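Keep in mind that what you see is a predicted model, and the values were worked out from it rather than measured.
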Amino acid sequence: MHENMKAFGKPKAFLLSRHLSGIMSSMITVFLIGNIASGKSSAARYLESRGAYRIDLDHECKALYVPGSSLVQRIAHVFGNDVLDDAGGIRAHALAQRAFADSASTARLEKIVYPTLIERLNELIASLEARLHACALVIVEVSAPSSFVDAFSLADEVLAITAPLNVRRDRALLRGMTEADFNARVAIQPSDDALYSLSSAVIENAGTEEDLHHELDAWAASICSKSSEIGGAHA
């Protein structure tokens, strides 16, 4: 095992692998988790470039914000009509300022949006499962894993990308984020220990981009190998 990659037991009873239950899936669904500036999105993009199918939950969530829909109306009722634009759609920046001001506000938004988002994710995974080949990876980026555990039964694996706080701060500042904004985001995100408890594997991304790619390649190879072994045992 590579020194930056840690393997964990299956996280919690709610993460029930479809492979281990005796149903050989045609693909492997991986929830990718990690805090701000950890490299989670970079990891997702790299795996996509290597042939994985990538589902960006932030994008899927924004696609649900259809002007005039009951979901958008509930958001406006909770966070104020001024989060809406002239066409009745969501003003993303205005909503973010309200919803991410503190953990209680974030929880209110998640309570409104996540049930519909989980339904959408379930539909996407079912559609992909019907047409993807064996050992195909489906990568689902999950921004708020501690609040999304109701969906974890859809995953076969959970991979966390982590990095030391000082490394993440430096990356965020280089991107143009203020230190105050970075600290505010960190305050409402899970600790590393919380991420570990949700994960079946962890890659520490404290080095170069090339280092991260090397670790991801090794992890992906091990996942496909394990899936093949389990599939053979159930054949």
The single option from Leu132, Asp156, Val30 that satisfies side chain to side chain contact (heavy atoms under 4.5 Å, CB included) with Leu137 is Val30

Identify, with sequence neighbours excluded, every residue that meets salt bridge (Lys or Arg N to Asp or Glu O under 4.0 Å) alongside Asp102.
none

Tell me, do Leu159 and Leu216 make a side-chain contact under 4.5 Å, heavy atoms counted?
yes

Could I get the full list of salt bridge (Lys or Arg N to Asp or Glu O under 4.0 Å) partners for Arg50, not counting sequence neighbours?
Asp217

To the nearest 0.5 Å, atom NZ of Lys40 lies from atom OG1 of Thr162 at 13.0 Å

Would you say Arg169 has more than 12 foreign heavy atoms packed within less than 6.0 Å of its CZ?
yes

Not counting sequence neighbours, list each pair that qualifies as a salt bridge (charged side-chain N to carboxylate O under 4.0 Å, His left out) and has a residue in residues 81-100.
Asp82-Arg98

Side chains of Ser42 and Glu209: any donor to acceptor distance under 3.5 Å?
no

For Arg171, the salt bridge (Lys or Arg N to Asp or Glu O under 4.0 Å) test, sequence neighbours excluded, returns none

Distance alone, cut at 3.5 Å: any donor-acceptor contact between the side chains of Asp181 and Thr178?
yes

Contacts of type salt bridge (Lys or Arg N to Asp or Glu O under 4.0 Å), residue Glu60, not counting sequence neighbours
Arg120

Donor-acceptor pair, side chain of Glu141 and main chain of Ile33, under 3.5 angstrom:
no

Determine which pairs satisfy ring pair (Phe, Tyr, Trp, His ring centres under 6.0 Å) with at least one residue from residues 110-129, sequence neighbours left out, and list them in order.
Tyr114-Phe148

Would you compute the distance between atom CD1 of Ile161 and atom CH2 of Trp219 and round it to the nearest 0.5 angstrom?
8.0 Å

